Amino acid sequence: MIDGLEQKLGSDSHDLEGWMRLIRARRISNNPEKAKASLALAEGIFKDEPKSLEVLDNLANELGIK
């Protein structure tokens with residue numbers, strides 16, 4: 001499931017909800033390092049969208065990966 005979601009998102013998808021699902025799934029599956037890596041990718045993709053970055057930051061704080 002996680003790998004399929006990652007493939008769907010690729011490295012430039014602007015699917016914020018998809019990125020959030022991937023980050024959450026990686027954290028829940030006890031893989032915080034991969035969750036952090038996915039967060040960093042998403043932050044790069046949404047770097048010019050302050051509201052999206054705020055959502056990602058809130059998620060990171062909620063999951064304890066910031």
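All of these numbers come straight from a predicted model, not from anything done at the bench.
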Residue pair Arg26, Glu33: steps toward the salt bridge (Lys or Arg N to Asp or Glu O under 4.0 Å) verdict: CA-CA 8 Å; Arg26 287 200 158 149; Glu33 293 308 314; over 6 Å; no
Derivation and outcome, side chain to side chain contact (heavy atoms under 4.5 Å, CB included), residues His14 and Glu49: CA-CA 11 Å; His14 273 72; Glu49 299 176 29; 3.3 Å; yes
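To the nearest 0.5 Å, the span separating CD1 on Ile65 from CG on Leu59 amounts to 6.0 Å. Atoms CG and CD, on Leu41 and Glu6 in that order, are 8.0 Å from each other to the nearest 0.5 Å. For the atom pair Arg27 CZ and Ser29 OG, the distance stands at 9.0 Å (nearest 0.5 Å). Note: Trp19 CH2 to Leu9 CG = 5.0 Å, rounded to the nearest 0.5 Å.
Minimum heavy-atom separation, Leu63 to Arg24: CD1-CA, 3.8 Å. Listed here is the closest heavy atom pair of Arg21 and Asp15: NH2-OD2, 4.0 Å. Shortest non-hydrogen contact noted between Ser52 and Leu16 is OG-CD2, 3.9 Å. Looking at every heavy atom in both residues, Lys66 comes nearest to Leu39 through CD-CD2, 4.4 Å. Scanning both residues, Ile23 and Ala35, for their nearest heavy atoms gives O-CB, 3.8 Å.
The pair Glu17-Lys8 fails the salt-bridge criterion, with no side-chain N (NZ, NE, NH1 or NH2) lying under 4.0 Å from an Asp/Glu carboxylate O.
At most 12 heavy atoms of other shown residues, nucleotides or ligands fall within 6.0 angstrom of atom NZ in Lys34. In this structure, Glu62 places its CD atom where more than 12 heavy-atom neighbours from other residues, nucleotides or ligands lie under 6.0 Å away.
Cluster membership check: Ile28 does not share its hydrophobic cluster with Met20, using side-chain heavy-atom separations under 4.5 Å among Ile, Leu, Val, Met, Phe, Trp and Tyr.
In this structure, Asn61 contributes its side chain and Asp57 its backbone to a donor-acceptor pair below 3.5 Å.
With a 4.5 Å cut-off on side-chain heavy atoms, Ile45 and Ser13 do not count as touching.
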